[in-house]
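As a basis for the values below, the full set of heavy atoms in this structure was taken, side chains included, without hydrogen atoms, waters or symmetry mates. As the structure lists them, so they are numbered: ligands from 1, and atoms in each ligand from 1.
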Amino acid sequence: MEHAPKAIDVTNDVEMRTFNFFTMGIDGHPLGLHLDMAIPTILNNADEEQQKDWLPKAANREFIATYAQTEMGHGTNLKKLETTATYDPKTQEFVLNSPTITSTKWWPGNLGKSSNYAVVMAQLYTQGKCHGAHPFFVQLRDLNTHKPLKGITVGDIGPKFGMNTVDNGFLQFDHVRTPRRSMFMKHAKVLPDGRYVPPVHDKLNYSAMVFIRAAIVSGMAYHLLVTSTIAVRYSAIRRQGEITPGAGEVKVLDYQTQQHRIFPQLARGLAFRLSGQYIMKLYTQTMDDIRNGDISAVPDLHALSCGLKAVTTHHAALGLEQCRMACGGHGYSQASGFPLHYSVAVGACTYEGENMVMLLQTARHLMKIAKAIRAGQSPKSNKIVDYLFHKGPPKCLIDQAYDTNYRNVLESFEHLARRQTLEVYDKLVQLQQQGRNYEQAWNDCAVELCKATRAHVRTFLARTFVEEIDKISDLSIKSVLQDLLQLYLYYEVTECATGLLEDGFMTGQQHKYAKKKIYEALEKIRPNAVSIVDSFDFQDRELHSVLGRRDGNVYENLLKWAQSSPLNKTDVLPFHHKYLGKMMEEARQRSKI
Ligand SMILES: CC/C=C\C/C=C\C/C=C\C/C=C\C=C\C(=O)SCCNC(=O)CCNC(=O)[C@H](O)C(C)(C)COP(=O)(O)OP(=O)(O)OC[C@H]1O[C@@H](n2cnc3c(N)ncnc32)[C@H](O)[C@@H]1OP(=O)(O)O
Ligand SMILES: Cc1cc2nc3c(=O)[nH]c(=O)nc-3n(C[C@H](O)[C@H](O)[C@H](O)COP(=O)(O)OP(=O)(O)OC[C@H]3O[C@@H](n4cnc5c(N)ncnc54)[C@H](O)[C@@H]3O)c2cc1C
């Protein structure tokens with residue numbers, strides 16, 4: 001091709017690739033999974049020889065690969081995946097098979113029609129023993145004809161809630177043979193004679209999922225900031241109703257309810273962006289550590305990425321809906337961009353680990369810490385969880401005159417997370433003392449376990465936001481961001497007020513104080529709101545929104561957008577006379593009788 005695209009940067013510059021994934025892939029593109037799951041799998045799970053062979057071709061787009069793990073019958077419970085990869089030492093090959101209808105791979109992005117390779121997660125059998133789910137790099141289609149290879153049935157799963165430019169697909173194997181070396185062999189191995197060599201940590205095969213979970217946090221920030229931009233800009237041009245009778249219609253952005261609906265989404269978007277940068281750095285560092293044989297950070301990365309992914313996706317889904325609703329009828333039009341952004345963002349509550357399951361994964365980590373606390377152990381030097389070991393103030397101090405760097409607010413969040421974590425741990429112990437087994441006790445505490453995770457993640461998000469704003473040296477920027485920080489923190493206080501009031505830690509008076517600080521912040525943000533969203537410098541093509549146009553010419557362009565609809569190509573639709581016209585003519589005839 002005259003201007004062949006340059007090779008994909010497959011270094012661990014995950015920040016840019018992530019942003020590309022979430023921006024270019026806003027409604028999905030054929031290389032989405034190739035970029036952000038297949039390549040990370042090769043980077044982190046292929047041995048040196050395999051990387052030498054596969055990585056340059058992947059970077060050069062000589063093939064398109066997806067990540068085929070989920071099956072029709074199982075997405076969460078990877079232990080029960082049914083696709084098998086059975087080693088045949090005679091031919092030194094694995095035989096891939098889909099033994100049941102429910103073992104059909106189902107959902108992988110770009111699997112239906114675009115990809116000719118896939119990372120396939122299959123239960124590995126060798127010498128008659130199953131060693132659990134392992135990744136294999138498998139060719140699916142002929143590189144020239146693009147026809148499915150022998151024994152492979154593949155196609156698109158059909159229209160979905162959204163992201164309908166992505167060919168999420170299905171895949172079945174009928175005893176398909178693949179070379180031994182198609183198994184990713186950096187961590188676990190199968191030797192030519194069939195002997196299995198286990199990995200140093202049995203979850204290293206899951207690293208691609210960890211990458212996307214970490215990336216999703218910034219993705220959610222992106223979606224919240226994009227939709228807040230649309231809502232703020234539209235609210236700044238839309239005039240509806242009067243505040244002072246006779247003074248003329250006001251911009252709807254001047255209504256306190258409109259500010260209370262939109263500005264917290266702006267604040268959360270910033271908070272998620274800052275934590276998204278942190279978790280991505282932690283991911284990159286952990287992957288580098290693993291390459292040097294150090295797996296100590298793997299559990300922390302898993303716990304934090306699961307919790308952040310679950311909390312930020314849930315809040316983004318709620319926040320995008322608030323932004324849509326704040327834009328009235330035009331917010332319900334495709335012209336607004338909201339249906340596109342929402343349908344992509346809300347999928348993240350499910351893909352890459354369903355949110356309830358992710359919250360419970362983080363809770364497993366918290367229960368280990370609770371056990372250590374109850375055993376009187378001292379904290380590890382880990383800023384993410386150390387606060388759980390500390391004894392905070394007995395009472396809430398958020399309304400004290402000076403709260404330097406919001407220390408009193410952060411201690412409120414820490415108090416709630418500590419109390420929730422220890423209380424649910426104590427309940428777990430108590431239920432087992434009453435005779436329940438651990439798994440049953442766990443299930444009977446699951447809702448409270450999820451609350452503990454949410455409280456812990458809230459603490460992390462808030463602390464990171466405070467710390468990052470504190471580092472800003474430009475005082476004019478710092479002052480604007482501090483208004484958003486104030487809104488964020490006190491909004492989160494009111495969001496978790498039940499937990500703070502439940503044990504008398506916070507008083508009703510302090511809850512009123514928090515609300516006052518919210519309204520104060522709304523007032524301070526209002527005059528800067530349009531400049532704040534303009535500073536993100538989103539291009540109109542990224543916003544996909546007539547309402548969010550930078551030039552503010554909404555109405556002219558809304559009409560243009562409507563007129564461009566295929567329905568308006570002719571004044572009278574071809575089928576009119578055949579159906580509606582005929583119906584009305586016959587009705588008129590009948591009424592004359
Ligand atoms: C942002 C949006 C904007 C734009 C986006 C545009 C486009 C994107 C479009 C689509 C998305 C793209 C791709 C989507 C891809 C997918 O969805 S891929 C499939 C994702 N599937 C999952 O996430 C499966 C979820 N389930 C699991 O991960 C596991 O089953 C499990 C729930 C974690 C349980 O695992 P398992 O059964 O093997 O483990 P247990 O025996 O229960 O033991 C758990 C212990 O293992 C530790 N563990 C588990 N996972 C990990 C890990 N990844 N890393 C480290 N450690 C791990 C866990 O901590 C337990 O340890 P223990 O407590 O010490 O025992
Ligand atoms: C847009 C989109 C893109 C996707 N892309 C890919 C892809 O590229 N590759 C790929 O492999 N997969 C992909 N997936 C599949 C996705 O990873 C799975 O849908 C997800 O892991 C959930 O699994 P499931 O759908 O089988 O739901 P299930 O695991 O059947 O869970 C159903 C519900 O049961 C509950 N539940 C399940 N287990 C538990 C538990 N242990 N504790 C508490 N509650 C539980 C939860 O409420 C859950 O929502 C994609 C999905 C979507 C929507």
> Does an N or O from V357, backbone or side chain, lie closer than 3.5 Å to an N or O of ligand 2?
Replying inline: no

> Would you say G353 and ligand 1 have an N/O pair spaced under 3.5 Å apart?
Replying inline: yes

> How close does the nearest protein non-hydrogen atom get to atom 26 (O) of ligand 2, and which residue and atom is it?
Replying inline: G75 N, 2.9 Å

>> Does ligand 1 come near enough to Y206 that some N or O of the ligand is less than 3.5 Å from an N or O of the residue?
In response: yes

> How does T70 reach ligand 1, if at all, at less than 4.0 Å between non-hydrogen atoms: by side chain, backbone, both, or neither?
Replying inline: side chain

>> Salt bridge or not between K427 and D444? Use side-chain N to carboxylate O under 4.0 Å.
In response: no

> How far is atom 2 (C) of ligand 2 from its nearest protein heavy atom, and which residue and atom name does that atom have?
Replying inline: Y351 CD2, 3.5 Å

>> Within the 3.5 Å criterion, strictly below it, is a donor on D167 or S114 matched to an acceptor on the partner's side chain?
In response: yes

>> Using a plain distance cutoff, I'd like to know if H223 has any nitrogen or oxygen under 3.5 Å from a nitrogen or oxygen of ligand 1.
In response: no

> With no hydrogens and no angle check, do the side chains of N443 and E439 hold a donor and an acceptor under 3.5 Å apart?
Replying inline: no

> What do we get for H365 next to ligand 1 when only non-hydrogen atoms under 4.0 Å count, side chain, backbone, both or neither?
Replying inline: neither

> Relative to ligand 1, is V357 under 4.0 angstrom through side chain, backbone, both or neither, heavy atoms considered?
Replying inline: side chain

> ligand 1 versus L78, non-hydrogen atoms closer than 4.0 Å: side chain, backbone, both, neither?
Replying inline: both

>> Please state which option from M209, M356, Q361, M358 has its nearest heavy atom closest to atom 44 (N) of ligand 2.
In response: M356

>> Checking contacts here: is it the side chain or the backbone of L301 that comes within 4.0 Å of ligand 1, counting heavy atoms only? Could be both or neither.
In response: neither

>> Please tell me whether T104 and Q172 have a donor and an acceptor in their side chains that are separated by less than 3.5 angstrom.
In response: yes

> Nearest to atom 14 (N) of ligand 2, what protein heavy atom do you find, and at what distance?
Replying inline: W107 CB, 3.5 Å

>> Starting from atom 7 (C) of ligand 2, what is the nearest protein heavy atom, named by residue and atom, and what distance separates them?
In response: P108 CA, 3.3 Å

> Just distances here: any N/O of G353 and N/O of ligand 2 closer than 3.5 Å?
Replying inline: no

>> With a 4.0 Å cut-off on heavy atoms, is G109 in contact with ligand 2?
In response: yes

> Got the closest protein heavy atom to atom 16 (C) of ligand 2, with its distance?
Replying inline: T70 OG1, 3.8 Å

>> For a 4.5 angstrom cut-off between non-hydrogen side-chain atoms, does I216 reach R213?
In response: no

>> Just to be sure I read this right, does ligand 1 sit under 4.0 Å from the backbone of R364, its side chain, both, or neither, counting only heavy atoms?
In response: side chain

> How about K160: does its NZ atom have over 12 heavy atoms from other parts shown lying under 6.0 Å from it?
Replying inline: yes

> Should the proximity of T76 to ligand 2, defined as any heavy atom under 4.0 Å, be assigned to the side chain, the backbone, both, or neither?
Replying inline: both

>> Would I212 count as a contact residue for ligand 1, given that I'm defining contact as a non-hydrogen atom of the residue lying under 4.0 Å from a ligand atom?
In response: no

> Regarding N44 and H187, is there a side-chain donor-to-acceptor distance under 3.5 Å anywhere?
Replying inline: no

> Of all the atoms in ligand 1, which lie at a distance below 4.0 Å from a heavy atom belonging to K368?
Replying inline: 62 (P), 63 (O), 64 (O)

> Hey, looking at atom 19 (O) of ligand 2, which of T350, L360, L81, N168 has the closest heavy atom?
Replying inline: T350

> Measuring from the heavy atoms of E354, does anything fall under 4.0 Å of ligand 1?
Replying inline: no

>> For the aromatic rings, using the six-membered ring if either is Trp, is the centroid distance between H34 and F63 under 6.0 Å?
In response: yes

>> Considering non-hydrogen atoms of the protein only, which is the closest contact for atom 33 (C) of ligand 2, and what is the distance?
In response: E354 CG, 4.9 Å

> Is the H134 to Y196 ring centre distance short of 6.0 Å?
Replying inline: yes

> Can an N or O of Y351 be found at a distance shorter than 3.5 Å from an N or O of ligand 1?
Replying inline: no

> So, does G75 sit close enough to ligand 1 that a heavy atom of it is under 4.0 Å from the ligand?
Replying inline: yes

> Counting heavy atoms only, which part of L111 comes closer than 4.0 Å to ligand 2: side chain, backbone, both or neither?
Replying inline: neither

> Y67 to ligand 2: N or O pair under 3.5 Å?
Replying inline: yes

> Considering distance alone, does some N or O of N77 sit under 3.5 Å from an N or O of ligand 1?
Replying inline: no

> Would you call the rings of F538 and Y222 parallel, tilted or perpendicular, where under 30° means parallel and over 60° means perpendicular?
Replying inline: perpendicular

> Is any N or O atom of H74, backbone or side chain, closer than 3.5 Å to an N or O atom of ligand 2?
Replying inline: no

>> Counting only heavy atoms not in H201 (residues, nucleotides, ligands), do more than 12 fall under 6.0 Å from its NE2?
In response: yes

> Using the ring of each side chain (for Trp, its six-membered ring), is W54 parallel, tilted or perpendicular to F184, with breaks at 30° and 60°?
Replying inline: perpendicular

